[in-house]
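Just so you know, these numbers come straight off a predicted model, no measurement behind them.
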Amino acid sequence: MIGRLPEGSRGEARLQAALGEVLVAAAQADAGLERLQRALAIIEALDGPEHERVAAALLAVADAQAQRGDLAGARANDARALAITESIFGPEHPRVADALLRLGGVEGRLGDGDAASTHLQRALTIQEAVLGPEHPDLAPVVADIGASIAARGDLAAARPLLERALALEEKARGPEHPALASTLDALGSVARDLGDLAAARKSLERSLAIREKSLPPGDLDLARSYALVGGLDLQDGKLRAARSRLTKALALLEARPTDAGPERLAVARHDLARALRLSGVDAERQAELAALALAGYREIDPERFKDAIAELEAWLAPPAEPTAKATKKKKKKKTKKKTKK
């Protein structure tokens, strides 16, 4: 159909955008982004740079960029979409809330917790005014605010927000809906970091059970659950369970390395190497995983992962050669023992 339409027409833009969004939803972000950027270029040419259709196209492009890891690009396009939407609809319109949510989510992933919290809290205020405080559509933004506050280190403040988000989702969708899993992950991670390992296990194992029941076997969200519960097993000293779950997580990620991304792969390899090391098994596999994780961290961001890099370099360093003095001492000791005998 695209090939039969006039080039640069509104019809082409609609179809390019629709196809791009489907490709992004199917985890083909590169191909989807190309289509969405083509749609954006056509819409800007037809409607000018400040039209509401341009804002919608920018948000779609930003989603694709975020999926493929270009968070800086996503942030810039989300911010531009927010400015256009505010200028057209005013600061308290629901469409403004949508743009704020997208922008805040990307800022959270970039580690800019202050900006993320500001934008997400503003989105929540708009949505509460429109929908009321108990509406289930509030759950994602409440969860995102909780996650952004947790990322800033205020775990005690984040926990009640995540509990509120979970209660809203349960009320709307029931206790086993797949949408609950990501909130349970966040809640479990906060409980773990607060030292409440029993509550953490309850949330994370529940999330894993929901995903195992509802998702296809190769879904990468399953890898996330296996990694989180496996990490908790490791922390609890349940090494056999940790090895099993972390092995499953890594296998899923390695089956789809492009979708998984280098950071998730590096962390999964590091966690499994640590589990094998603590168990005292499979030294060859330990070394292989440690070397791959180390290479991954160095390539992604040596400064951000400096502690992990130092740990892995210490693991992989060859044992120090004994000094001449130490060797002489050892020989002298043996000679003494022999004489005594």
Side-chain angles (χ1 to χ4, degrees), residues 1-47 49 51-82 84-85 95 97-110 137 140-141 144 177-179 181-182 185 211 214-225 227 249 251-266 268 300:
M1 282 294 294
I2 288 169
R4 294 174 64 183
L5 288 166
E7 190 174 342
S9 65
R10 199 172 298 284
E12 185 198 346
R14 279 198 296 267
L15 289 176
Q16 294 280 19
L19 182 54
E21 287 177 8
V22 170
L23 288 165
V24 171
Q28 297 178 47
D30 288 343
L33 179 59
E34 187 179 337
R35 300 285 184 176
L36 291 164
Q37 285 174 327
R38 170 65 181 157
L40 172 60
I42 295 170
I43 293 165
E44 283 187 301
L46 291 172
D47 297 320
H51 198 277
E52 64 185 273
R53 278 192 284 266
V54 172
L58 284 165
L59 291 175
V61 167
D63 284 349
Q65 289 173 313
Q67 188 182 108
R68 67 194 293 271
D70 180 10
L71 298 179
R75 183 180 197 169
N77 281 321
D78 280 333
R80 185 182 161 203
L82 173 61
I84 293 169
T85 308
R95 289 198 194 182
D98 184 45
L100 286 163
L101 285 174
R102 310 282 189 93
L103 179 57
V106 169
E107 287 167 336
R109 288 178 62 187
L110 280 165
D137 285 356
V141 63
D144 283 348
H177 194 280
S182 60
D185 286 348
R211 284 179 171 145
S214 62
L215 296 178
D219 196 288
L220 291 187
D221 279 344
L222 270 174
R224 175 173 172 75
S225 274
L252 288 169
L253 295 171
E254 287 183 331
R256 293 172 58 187
T258 303
D259 296 330
E263 184 172 336
R264 290 181 74 183
L265 280 166
I300 299 161

Inter-residue atom distance [X].[atom1] - [Y].[atom2], 0.5 Å rounding:
X      : Y      : atom1 : atom2 : result
Leu100 : Glu107 : CG    : CD    : 9.5 Å
Arg35  : Gln28  : CZ    : CD    : 11.0 Å
Arg68  : Thr258 : CZ    : OG1   : 11.0 Å
Leu58  : Gln65  : CG    : CD    : 9.0 Å

Are the side chains of Arg95 and Leu59 in contact, using a 4.5 Å heavy-atom criterion?
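No, their side chains stay 4.5 Å or more apart.
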Less than 4.5 Å apart, side chain to side chain, heavy atoms only: is that true for Arg75 and Leu71?
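SC-SC contact between Arg75 and Leu71 ruled out.
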Might you point out which heavy atoms bring [X] and [Y] nearest each other, and give the distance in Å?
X      : Y      : value
Arg211 : Ser182 : NH2-N, 3.7 Å
Ala81  : Ala55  : CB-O, 3.6 Å
Val24  : Gly32  : CG2-CA, 4.0 Å
Ala13  : Ile42  : CB-CG2, 3.7 Å
Arg224 : Asp185 : NE-OD2, 3.0 Å
Arg264 : Leu220 : NH2-O, 3.1 Å

Are Arg80 and Val54 close enough, and set up right, to give a side-chain contact (heavy atoms from CB on, under 4.5 Å), and what steps lead you there?
CA-CA 10 Å; Arg80 185 182 161 203; Val54 172; 3.8 Å; yes
Quick one: which of Asp63, Asp78, Asn77 gives a side chain to side chain donor-acceptor pair (under 3.5 Å) with Arg102?
Asp63
Charged N-O contact under 4.0 Å between Arg109 and Glu263:
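No.
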Are more than 12 heavy atoms, taken from residues, nucleotides or ligands other than Glu254, located less than 6.0 Å from that residue's CD atom?
yes
Qualifying residue, where the test is side chain to side chain contact (heavy atoms under 4.5 Å, CB included) with Gln16 and the options are Ile43, Leu40, Leu36, Ile2
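The single option meeting the side chain to side chain contact (heavy atoms under 4.5 Å, CB included) with Gln16 is Ile2.
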